[in-house]
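Predicted, not measured: the structure shown is a model, and the values here were computed from it.
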Amino acid sequence: MYKRVLLLLLSSSLVLAACVETKPIEQLAIINARGVDLIQQKGEQLIDTTLVIFQFDTQTKDISKIASGTGKTIKEAGQNANEKTSFTLTSGQIRLELYGIETAKTGVMQYLNTLARDARTSDRVMLAVTDKTAKEVLTNGQNATSINVGLFINGLIKQKVENDSIPKVEFNDFTHAYLESGRDPVLPLISVADGDVPSLSKIALLQDDVYTGTLSLKEALYINLILKNIKSTPFNIGIPIEQSLQDYLQEELSGNEKDHLYVNGKIIKGKSETRLTKRETLKFKTDIKIQMNILELSNELALENDDVIKALEKEIANQIKKEYERLLQKTQEMGADPFGYGQIYRIHTPDGKLKKGEWHKLYPDIEVDYNIHVNIVDYGAVR
């Protein structure tokens with residue numbers, strides 16, 4: 001019986017192996033980043049795709065190269081790019097999909113079709129938007145960096161996600177936010193200057209899947225703090241110097257420092273809880289608790305004094321509250337809800353559902369009471 005089972009397994013392996021097309025790696029060009037732009041060519045709109053590839057060519061030390069092609073679909077554009085190289089392009093290792101600004105303004109979901117249908121594509125593909133064309137960012141970026149520009153941008157995004165500075169932006173995170181009514185997705189915004197390396201300077205806010213504007217990285221952190229518990233996250237804030245702090249300053253301020261104290265620290269733990277307090281009038285309450293360390297102050301304070309710590313905690317909390325209120329108003333004007341207040345509202349509807357576009361009509365009228373509590377747990381040696 002054992003011999004028969006073994007023979008059956010070996011036979012199955014041979015049959016399955018015969019079904020897989022294999023090629024030497026020297027004949028392959030592995031795509032690890034793809035840029036998507038829209039262009040007009042001969043009176044029709046086409047997709048212009050820019051591919052960052054690993055090309056295992058024994059005749060050159062430079063294995064990272066750029067290929068491009070055009071077509072009416074992503075697949076057709078990729079096939080067009082393949083016609084311009086002697087290597088076979090394969091998409092099994094795509095780690096970044098970058099959308100040019102004009103593409104993002106038309107909606108990106110239609111271009112994710114190719115990723116969703118390709119079984120070789122990982123759900124962990126990073127998605128991003130640029131304020132230029134994807135071709136410009138990837139081409140200039142490849143010339144400016146000493147490594148593969150796709151991996152470089154992927155690393156920029158991954159670093160911010162891992163320290164909780166921005167929300168998760170992988171393929172499955174984006175599609176989850178898009179498909180679940182009541183929250184709009186955000187994506188990192190990649191910029192590049194002539195001759196410079198790409199940078200992650202802002203985040204893009206989308207209404208469903210359509211680009212609607214940009215937010216700062218600090219605002220991205222505030223959004224993430226409502227979406228999840230965060231920890232070990234760098235944090236900077238400037239607070240007006242009220243009378244409660246004025247008496248504790250160890251030296252007189254001058255110039256630009258006269259009105260504000262700038263705090264550099266790290267959020268050790270941050271968590272929030274939101275509830276709908278009045279459904280009929282769209283009123284919410286969000287409680288936010290932050291434990292943080294102080295690493296540096298723009299002016300020395302006598303932090304050994306408990307009264308100083310309490311005053312500083314209160315002023316930081318007041319400033320965060322003001323910044324949340326401004327951020328809420330800003331996103332309401334942009335017509336997109338990155339916090340997920342609509343998800344909480346949806347839970348309290350009779351059938352637990354929201355019609356397409358319903359929350360976007362209600363969101364500009366919501367009111368949120370932000371209750372912020374800050375606890376400074378360590379201040380070290382401040383200079």
Quick one, Glu44 with Lys72, criterion salt bridge (charged side-chain N to carboxylate O under 4.0 Å, His left out). Give me CA distance, side-chain angles, the key distance, then yes/no.
CA-CA 9 Å; Glu44 63 179 348; Lys72 293 182 179 179; 3.6 Å; yes

Closest heavy-atom contact between Pro185 and Ala177?
CB-CB, 4.0 Å

Side-chain contact test, heavy atoms from C-beta onward, threshold under 4.5 Å: evaluate it for Val52 versus Ile66 and give yes or no.
yes

Please answer whether the main-chain N or O of Leu225 pairs with a side-chain N or O of Ser272 as donor and acceptor at a distance below 3.5 Å.
yes

Quick one: does Ser199's side chain have a donor or acceptor within less than 3.5 Å of a partner on Ser201's backbone?
no

Heavy atoms, side chains only, cut-off 4.5 Å: are Ile47 and Tyr111 in contact?
yes

Do Ile39 and Tyr211 share a hydrophobic cluster (ILVMFWY, side-chain heavy atoms under 4.5 Å, transitive)?
no

Over all atoms of both residues, closest heavy-atom pair of His348 and Arg279
O-NE, 3.1 Å

Does the pair Leu96 and Ile157 meet the rule for a side chain to side chain contact (heavy atoms under 4.5 Å, CB included), with working shown?
CA-CA 10 Å; Leu96 172 72; Ile157 300 170; 4.0 Å; yes

After noting the C-alpha distance and the side-chain angles of Leu205 and Thr214, does the key distance pass the side chain to side chain contact (heavy atoms under 4.5 Å, CB included) rule?
CA-CA 6 Å; Leu205 177 60; Thr214 62; over 6 Å; no

Neighbour count above 12 (heavy atom, 6.0 Å) for Lys168 NZ
no

Would a distance-only check, ignoring hydrogens and angles, find a side-chain to backbone donor-acceptor pair under 3.5 Å from Thr349 to Lys353?
yes

Closer than 3.5 angstrom, by distance alone: can the side chain of Gln142 be matched with the main-chain N or O of Val149 as a donor-acceptor pair?
yes

In this structure, CG of Leu189 is separated from OG1 of Thr130 (nearest 0.5 Å) by 6.0 Å

Heavy-atom closest pair (Asp164 atom, Lys231 atom, distance to 0.1 Å) is OD2-N, 3.1 Å

Which atom of Ser298 lies closest to which atom of His260, heavy atoms considered
OG-O, 4.3 Å

Using 4.0 Å as the upper bound for N to carboxylate O, is an ion pair formed by Asp173 and Arg124?
no

Does a side-chain heavy-atom distance below 4.5 Å link Trp359 with Ser181?
no

CD on Glu97 to CD1 on Ile31, rounded to 0.5 Å:
10.0 Å

Residue pair Asp131 / Lys202, side-chain heavy-atom distance below 4.5 Å:
no

Rounded to the nearest 0.5 Å, what separation is found between the CD1 atom of Ile316 and the CD1 atom of Ile239?
5.0 Å

Any salt bridge (charged side-chain N to carboxylate O under 4.0 Å, His left out) pairs touching residues 328-339, not counting sequence neighbours?
Glu219-Lys330

Out of curiosity, does Leu206 fall in the hydrophobic cluster containing Leu179 (side-chain heavy atoms, cut-off under 4.5 Å, transitive links)?
yes

May I ask you to decide if Asn236's main-chain N or O and Lys218's side chain share a donor-acceptor pair within less than 3.5 Å?
yes

Please confirm whether Tyr222 and Tyr324 have ring centers closer than 6.0 angstrom.
yes

Flag side-chain contact, heavy atom, 4.5 Å: Asn32 against Asn154:
no

What I'd like to find out is whether the side chain of Phe339 reaches to under 4.5 Å of the side chain of Val368, using heavy atoms alone.
no

Hydrophobic clusters here meaning ILVMFWY residues chained together by side-chain heavy-atom distances under 4.5 Å, can you tell me if Leu282 and Tyr341 are in one?
yes

Give a yes or no on whether the backbone of Ile376 and the side-chain of Glu313 come within a donor-acceptor separation of less than 3.5 Å.
yes

Is atom NZ of Lys310 surrounded by more than 12 heavy atoms (other residues, nucleotides or ligands) closer than 6.0 Å?
no

Run the side chain to side chain donor-acceptor pair (under 3.5 Å) test against Arg346 and tell me which residues pass, sequence neighbours left out.
Glu180

Quick one: does Thr286's side chain get under 4.5 Å of Ile288's, heavy atoms only?
yes

For a side chain to side chain contact (heavy atoms under 4.5 Å, CB included) check, start with the C-alpha distance between Asp209 and Leu112, then their side-chain angles and the critical distance, and finish with the verdict.
CA-CA 11 Å; Asp209 66 327; Leu112 292 176; over 6 Å; no

For Ile366 and Leu328, which heavy atoms make the closest approach, and how far apart are they?
CD1-CD1, 4.1 Å

Is it possible for you to check whether Lys269 lies under 6.0 Å from the centre of the six-membered ring of Phe235, through NZ or CZ, and within 45° of that ring's axis?
no

Just wondering, more than 12 heavy atoms not from Lys278 lying within 6.0 Å of its NZ?
no

Worked check of side chain to side chain contact (heavy atoms under 4.5 Å, CB included) between Thr133 and Asp48:
CA-CA 10 Å; Thr133 65; Asp48 183 21; over 6 Å; no

When you check the side-chain N and O atoms of Gln329 and Glu325, is any donor under 3.5 Å from an acceptor?
no

Report yes if some heavy atom in the side chain of Leu200 is under 4.5 Å from a heavy atom in the side chain of Ile190; otherwise report no.
yes

Find the distance between CG (Leu151) and NZ (Lys158) and round it off to the nearest 0.5 Å.
10.5 Å

Pro167 to Val161 - nearest heavy-atom pair and separation
O-CG2, 3.8 Å

So CD1 of Ile30 and CG of Leu51: to nearest 0.5 Å the spacing works out to 13.0 Å

If you round to the nearest 0.5 Å, how far is CD1 of Ile53 from OG of Ser64?
9.0 Å

Got more than 12 heavy atoms from elsewhere within 6.0 Å of NZ, Lys321?
yes

Give a yes or no on whether Val169 and Val210 share a hydrophobic cluster (residues Ile, Leu, Val, Met, Phe, Trp, Tyr; joining criterion: side-chain heavy atoms under 4.5 Å apart).
no

What about Val308 and Leu297, same hydrophobic cluster or not, with Ile/Leu/Val/Met/Phe/Trp/Tyr joined at side-chain heavy-atom distances under 4.5 Å?
yes

So, Thr212 side chain and Gln207 main chain: donor-acceptor pair closer than 3.5 Å or not?
no

Check whether any side-chain N or O of Lys271 sits under 3.5 Å from a backbone N or O of Asn229 as a donor-acceptor pair, and report yes or no.
no

Sidechain-backbone polar pair: Asn293 side chain, Lys266 backbone, donor-acceptor under 3.5 Å
no

